[in-house]
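Residue indices begin at 1 and follow the sequence shown. Atoms within a ligand are numbered from 1 in the order they appear, just like the ligands themselves. Nothing here was measured: the structure is a model prediction, and the numbers come from that model.
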Amino acid sequence: MTVKPVSAPELTTAPGAVELAALGKRYGDAAAVDDVTLSFASGSFVAILGPSGCGKSTLLGMIGGFVPPDTGDIRIGGRSVVAMPPERRPTAMVFQTLALFPHLSTAGNIAFGMRGRGLSRAQVRARTAELLELVQLPEFGKRRISQLSGGQRQRVAIARALAVEPAVLLLDEPLSALDAQMRRSMQLELRAIQQRTGTTFVYVTHDQHEAMSMADRIVIMRSGRVEQHGSPQEIYTRPETPFVAGFLGDANVVSGDSDLAAVLRRLVPADCWAVRPEHVQLVDPGDPRAQVSGTVARATFYGQTVRYEVTAGLPDPLVVVRPGDEPVRADGERVGLVLDAERITGLPGAS
Ligand code: ADP
């Protein structure tokens, strides 16, 4: 396998560059994907994130050629692929179910994807060995699929998809069947595989932690539309809508009239704000830094952090997370809240 540079060019003609233009798909009266225009740089790891039913799989299916769009165009490497069947597109898909062949060995599954591509047996063998190495299963070529763990099967499915050297690998919640620990280690591994190959990965998930830990770009979808896209850090620190603020990371979305809203309005002129739990300091109520006061409704000690629910004249308690090495405040204790203008995001209004 050729190893391409990690920092891929932004050019739309680079092999793995993906452009979606006004893409739409309806089922009956409902738009599953509604006027989506986006582009992904070649070699990027893109997570499509959103709640169940927001159109993530439909969007992925359209890129892969499994779902015909009603409107719009899809270009990969600068070329329209919208009229091509899946096997002619420079894409490969890893399905949630993996769809491995149980009667074939690990190597047999990987080599299957290379059939009909005019490769000699020796070439197929060499490339299969390379792929087994890439997914860290060099000793497992002869094993039957039934003799592999869930995580190992996952790697075989990825190796098989990469065997055809796709410019774009599409992954539909591929880790959802794994337990939490295995998921975490596979997330790191997938990221490493993506960086080693330089293939564009488009990864569908409803898990914000998964998206943040792996992706260079996150696309947040809601009801068939793109709500916001950008780097994980951009989206986390500058959410543009209340939905995004609440979906990516925990955020207190504050609106309406209250003492806290008055403080926020002075700091950041807006009518609605996102306040991250870790961006609120707790001090004694008499502390000159205190801008507004509240009462600890519940303190939960997690070791590294303490999570507080603080009643502060809002319909819901304000969630505050502090480092575990700060003095822990007790339930019922009065506290002063300190907010920092630099770390508050004004939002266009609750929806
Ligand atoms: P997600 O992957 O975000 O969970 P989907 O893309 O699967 O969402 O679905 C988006 C919307 O389109 C949902 O309301 C879903 O019920 C609908 N939908 C998806 N596929 C079909 C289909 N084949 N027929 C009818 N409705 C569909």
Side-chain angles (χ1 to χ4, degrees), residues 18-40 44-74 76 81-87 89 91-99 154 157-158 161 166 168-178 180 183 186-187 190 194 200-230 232 235-236 239-249 351:
V18 179
E19 295 166 275
L20 311 178
L23 210 53
K25 177 71 187 177
R26 302 185 73 82
Y27 290 110
D29 285 345
V33 169
D34 190 4
D35 193 23
V36 167
T37 296
L38 276 176
S39 53
F40 312 137
S44 53
F45 194 132
V46 182
I48 312 282
L49 176 67
S52 179
C54 72
K56 305 180 296 292
S57 299
T58 304
L59 188 69
L60 201 72
M62 289 197 282
I63 302 173
F66 302 100
V67 177
D70 299 330
T71 57
D73 194 16
I74 301 165
I76 299 179
V81 298
V82 81
M84 293 178 189
E87 66 278 8
R89 298 189 183 198
T91 55
M93 180 94 139
V94 179
F95 293 95
Q96 212 174 82
T97 55
L98 304 188
Q154 195 63 59
I158 290 158
V168 181
L169 187 67
L170 308 169
L171 304 106
D172 192 355
E173 306 234 16
L175 308 184
S176 55
L178 304 179
R183 271 177 93 118
M186 276 306 293
Q187 285 163 9
L190 265 176
Q194 190 269 336
T200 306
F201 276 30
V202 184
Y203 187 102
V204 158
T205 180
H206 64 272
D207 179 337
Q208 48 150 320
H209 299 293
E210 196 158 278
M212 283 205 274
S213 65
M214 287 192 290
D216 313 304
R217 309 289 295 172
I218 296 181
V219 176
I220 300 200
M221 288 187 69
R222 181 195 193 191
S223 308
R225 302 186 77 102
V226 173
E227 187 91 354
Q228 188 172 351
H229 65 104
I235 297 180
Y236 187 81
E240 287 168 3
T241 68
F243 175 80
V244 171
F247 198 79
L248 194 76
S351 68

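Under a 4.0 Å N-O distance rule, the pair Asp34/Lys25 does not qualify as a salt bridge.
Set against the non-hydrogen atoms of Ala32, the atoms of ligand 1 under 4.0 Å away are 10 (C), 11 (C), 12 (O). Atoms of ligand 1 found under 4.0 Å from any heavy atom of Pro51 (numbered from 1 in listed order, with element): 3 (O). For ligand 1 and Cys54, the ligand atoms under 4.0 Å from any heavy atom of the residue are 1 (P), 3 (O), 8 (O).
Judged by distance alone, with hydrogens and angles left aside, the side-chain atoms of Arg89 form a donor-acceptor pair with the main-chain N or O of Met84 at under 3.5 Å. A distance-only check finds no donor-acceptor pair linking the side chain of Ser223 to the backbone of Cys54 [under 3.5 Å].
Atom 8 (O) of ligand 1 has its closest protein heavy atom at Gly55 N, 3.2 Å. Taking atom 7 (O) of ligand 1 as the reference point, the nearest protein heavy-atom neighbour is Ser57 CB, 3.8 Å. What sits closest to atom 20 (N) of ligand 1 on the protein, heavy atoms only, is Tyr27 CE1, 3.4 Å. In terms of protein heavy-atom proximity, atom 9 (O) of ligand 1 is nearest to Thr58 OG1, 3.8 Å.
Inside a 4.0 Å radius of atom 16 (O) of ligand 1 there is not any protein heavy atom.
Residue-ligand proximity: Ser52 is placed with a non-hydrogen atom under 4.0 Å from ligand 1.
Defined by atom type and a distance below 3.5 Å, a donor-acceptor pair is missing between the side-chain atoms of Tyr203 and Glu173. For the residue pair Ser39 / Glu19, no side-chain donor-acceptor distance below 3.5 Å is found, with atom types taken as modelled.
Aromatic pair Phe40/Phe201: ring centres not closer than 6.0 Å.
Which of Gly50, Gly53, Gly28 comes nearest to atom 13 (C) of ligand 1 through a heavy atom is settled by distance: it is Gly53.
Checked options Leu49, Ile218, Ile235; the residue passing with Met212 is Ile218 (criterion: side chain to side chain contact (heavy atoms under 4.5 Å, CB included)).
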